Amino acid sequence: MSLLAPAVVQEHLSNVWQKPGEPFNVSATLESGQAFRWRKDVAGIWWGTVGKVAFAVWQAEGSPFSPVFWESFPVAGQTELFEDFFRLSLSLPTLYAEWESAEAEMDACIQSFCGLRVLRQDPVECFFGFQCASCNTVIKIERSVRKLAERYGQPILMPEWCPFGPVLYAFPEVESLTSADEATLRADLWGFRAPRVIALASILASEGEGVLHRLRSVPYMEAHAYLCSLQGIGAKVADCICLFCLDKDCAVPIDTHTRQIAVRLFSPDSSSRSLTPRVYAMMADAYRERFGLYAGWAQQYLFFGELRRAERFMDPKLD
DNA sequence: GCTTAACCTGGACGC
DNA sequence: GCGTCCAGGTTAAGC
């Protein structure tokens with residue numbers, strides 16, 4: 001493994017993030033199922049957008065303590081936004097010590113995904129991205145969300161050396177989605193979720209600008225209750241939104257993977273029980289009791305480990 | 001309070 | 001090539 005950045009990185013990514021003793025694993029962070037529109041090119045550079053700003057990010061693979069090179073577009077050097085999105089002000093080693101003493105299985109996850117961070121995404125993109133997740137596969141979610149941005153989002157002009165085209169697209173404004181066409185969304189694989197997108201956009205638009213952003217400043221339970229009150233949003237999607245964009249670090253989304261983990265680690269007797277609201281709450285509380293205020297972050301490590309295990313089971317060549 | 005079926009559809013898998 | 005099953009969920013009806 002070489003820590004030497006490719007020529008294209010040295011030439012074009014002029015900003016560097018590195019903090020002694022503080023890990024940041026770019027690939028694990030962006031591959032762990034939190035965000036659906038980041039893509040890696042052949043040089044290993046990750047490309048994605050945060051609001052109306054596009055980023056290119058590179059780090060030597062498998063080296064979470066190595067420098068991270070990055071650039072933003074169209075305005076260069078958006079350090080505050082970069083550090084905010086990747087939550088780089090949060091120190092992980094302290095959390096690791098707490099998690100390892102709470103759960104033996106965390107040790108292997110931390111070894112494997114050291115530096116994985118929970119993102120602070122744009123609430124509108126996160127909200128609609130996880131709309132697409134119900135009864136779906138990650139590949140199809142990524143395709144559908146990307147299509148949505150291309151149809152209704154604002155283009156961001158990219159430099160000629162960007163391999164993903166002359167423009168990337170910002171995620172659409174809520175107002176743009178209120179006038180989206182259901183048949184078009186269905187053609188983009190949104191399926192039965194298509195009318196929900198339009199209906200939810202109308203509700204959010206009627207609530208006034210920034211209704212989702214305002215949830216960042218209310219307690220977790222209040223934000224979760226508001227999201228669950230919306231037609232088509234259940235406890236799992238509400239928890240994904242709370243964790244990945246609303247600063248609710250204790251939110252624990254219980255899906256098929258995190259449920260398997262909970263059964264294995266905390267409550268083997270619940271393996272045959274249906275995931276009713278009561279069982280959902282019980283499992284999420286079990287994570288919080290064990291991992292504390294950052295239970296959602298700990299869950300993300302265990303979730304990613306489970307995901308990787310499932311991928312290896314499907315395709316042994318990955319070993 | 002729990003179980004079940006319906007909602008879309010691409011891809012994997014078995015035949 | 002074709003049929004069947006599954007996937008990061010939610011909802012409402014029936015019990």
Side-chain angles (χ1 to χ4, degrees), chain A residues 28-38 109 113 116 118-119 121 125-148 180-200 203 224-245 251-264 267 269-284 287 296-318:
Chain A
T29 299
L30 294 173
E31 286 171 352
S32 64
Q34 310 177 52
F36 301 116
R37 290 202 305 135
W38 281 78
C109 290
F113 317 127
L116 187 164
V118 167
L119 298 169
Q121 301 183 57
E125 172 155 9
C126 190
F127 180 91
F128 286 100
F130 280 97
Q131 272 311 297
C132 194
S134 70
C135 220
N136 213 344
T137 58
V138 172
I139 294 203
K140 281 167 62 181
I141 298 168
E142 290 172 349
R143 205 179 303 171
S144 300
V145 174
R146 189 165 298 132
K147 279 284 187 186
L148 194 69
D181 175 55
E182 183 180 328
T184 305
L185 294 182
R186 285 182 182 273
D188 291 342
L189 306 182
W190 282 82
F192 64 87
R193 309 159 197 90
R196 268 190 215 161
V197 171
I198 300 164
L200 285 167
I203 292 170
H224 192 262
Y226 171 78
L227 293 167
C228 285
S229 73
L230 301 173
Q231 180 72 18
I233 303 223
K236 189 266 176 175
V237 168
D239 272 323
C240 286
I241 298 166
C242 281
L243 178 62
F244 299 135
C245 69
V252 180
I254 303 294
D255 59 25
T256 53
H257 295 294
T258 40
R259 187 184 174 195
Q260 291 303 317
I261 299 163
V263 166
R264 193 171 67 237
S267 52
D269 53 323
S270 62
S271 62
S272 58
R273 296 178 70 181
S274 295
L275 194 59
T276 60
R278 182 198 292 263
V279 174
Y280 184 100
M282 189 190 77
M283 288 185 166
Y287 276 95
W297 287 60
Q299 166 276 152
Q300 192 64 17
Y301 280 70
L302 290 165
F303 167 82
F304 194 34
E306 193 76 7
L307 202 63
R308 280 285 162 88
R309 252 195 297 277
E311 285 169 359
R312 276 197 291 272
F313 177 73
M314 299 293 285
D315 185 359
K317 290 196 297 292
L318 294 174

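Quick caveat: nothing in here was measured; it's all calculated off a predicted structure. Every chain is numbered from 1 and lettered A, B, ... according to where its sequence line falls, protein lines coming before strand lines.
- Of all nucleotides listed (C/dA12, C/dG9, C/dG8), C/dA12 comes nearest to the side chain of A/Q231.
- The side chain of A/F244 approaches C/dG8 more closely than any other nucleotide in the set B/dT9, B/dC8, C/dG8.
- When Watson-Crick and G-U wobble pairs are counted only if both distances are under 3.5 Å, C/dG8 pairs with no nucleotide at all.
- In terms of phosphate contacts, A/R278 brings a side-chain nitrogen or oxygen within less than 4.0 Å of OP1 or OP2 of B/dC2.
- Counting non-hydrogen atoms under 4.0 angstrom, A/A235 reaches the backbone sugars and phosphates but no base.
- A/L230 comes within 4.0 angstrom of sugar-phosphate atoms only, judged by non-hydrogen atoms across all strands, and of no base.
- A side-chain donor-acceptor contact under 3.5 Å links A/R193 to the backbone of A/S134.
- Taking 4.0 angstrom as the limit, A/T276 places a side-chain polar atom (N or O) nearer than this to OP1 or OP2 of B/dC2.
- Under the Watson-Crick or G-U wobble criterion, with both distances below 3.5 Å, B/dC8 has no partner in any strand shown.
- Rounded to a whole Å, the CD atom of A/Q260 is 14 Å from the C1' atom of C/dA7.
- Residue A/T137 places none of its side-chain N or O atoms closer than 4.0 Å to OP1 or OP2 of B/dG10.
- Residue A/D255 contributes atom CG, which lies 18 Å from atom P of C/dC6 at whole-angstrom precision.
- Between the P atom of C/dG9 and the CG atom of A/L200 lies a distance of 17 Å, rounded to the nearest Å.
- Base engagement by A/G33 is indicated by at least one non-hydrogen atom pair under 4.0 Å involving a base atom.
- Of the listed nucleotides (C/dG9, C/dG8, B/dT3), C/dG8 has the atom at the smallest distance from the side chain of A/H257.
- Residues A/C126 and A/C240 approach most closely at SG-O, 4.2 Å, considering heavy atoms.
- Taking atom P in both C/dG8 and B/dC13, the straight-line distance is 14 Å, to the nearest Å.
- Within 4.0 Å (heavy atoms only), A/I233 reaches sugar-phosphate atoms of the nucleic acid but no base atom.
- In this structure, the nucleotide among B/dT9, B/dC8, C/dG8 sitting nearest to the side chain of A/F192 is B/dC8.
- A/Q34 places a side-chain N or O within donor-acceptor distance of the main-chain N or O of A/L119, the cut-off being under 3.5 Å.
- The distance between atom CG of A/L227 and atom P of C/dG9, rounded to the nearest whole Å, is 17 Å.
- A distance of 9.5 Å separates CG of A/L302 from OG1 of A/T258, quoted to the nearest 0.5 Å.
- For A/C228 and A/S32, each mapped to the nucleotide of DNA chain C holding its nearest heavy atom, the one lying further toward the 5' end belongs to A/S32.
- Per the geometry, CD1 belonging to A/I241 stands 12 Å off C1' belonging to C/dG9, to the nearest Å.
- Residue A/L189 contributes atom CG, which lies 14 Å from atom C1' of C/dA7 at whole-angstrom precision.
- A/V138 comes within contact range of at least one nucleobase, with a heavy-atom separation under 4.0 Å.
- The CD-P distance, from A/E142 to C/dA7, rounds to 18 Å in whole Å.
- Between C/dC5 and B/dA5, the distance separating the two P atoms is 13 Å to the nearest Å.
- Comparing the P positions of C/dC6 and B/dT4 gives a spacing of 15 Å, expressed to the nearest Å.
- Residue A/R143 places at least one side-chain N or O closer than 4.0 Å to OP1 or OP2 of B/dG11.
- The side chain of A/K236 approaches C/dG8 more closely than any other nucleotide in the set C/dA12, C/dG8, B/dG10.
- C/dT11 atom C1' lies 14 Å from atom CG of A/L275, rounded to whole Å.
- The main-chain N or O of A/A235 is found under 3.5 Å from a side-chain atom of A/Y280 such that the two form a donor-acceptor pair.
- Looking at A/S32, its side chain never comes within 3.5 Å of a backbone N or O of A/F304 through a donor-acceptor pair.
- Residue A/R186 places at least one side-chain N or O under 4.0 Å from the OP1 or OP2 atom of B/dC8.
- When atom types are taken as modelled, the side chain of A/Q131 and the backbone of A/F128 share no donor-acceptor pair closer than 3.5 angstrom.
- Checking B/dC8, B/dT9, C/dG8 against the side-chain heavy atoms of A/R193 singles out B/dC8 as nearest.
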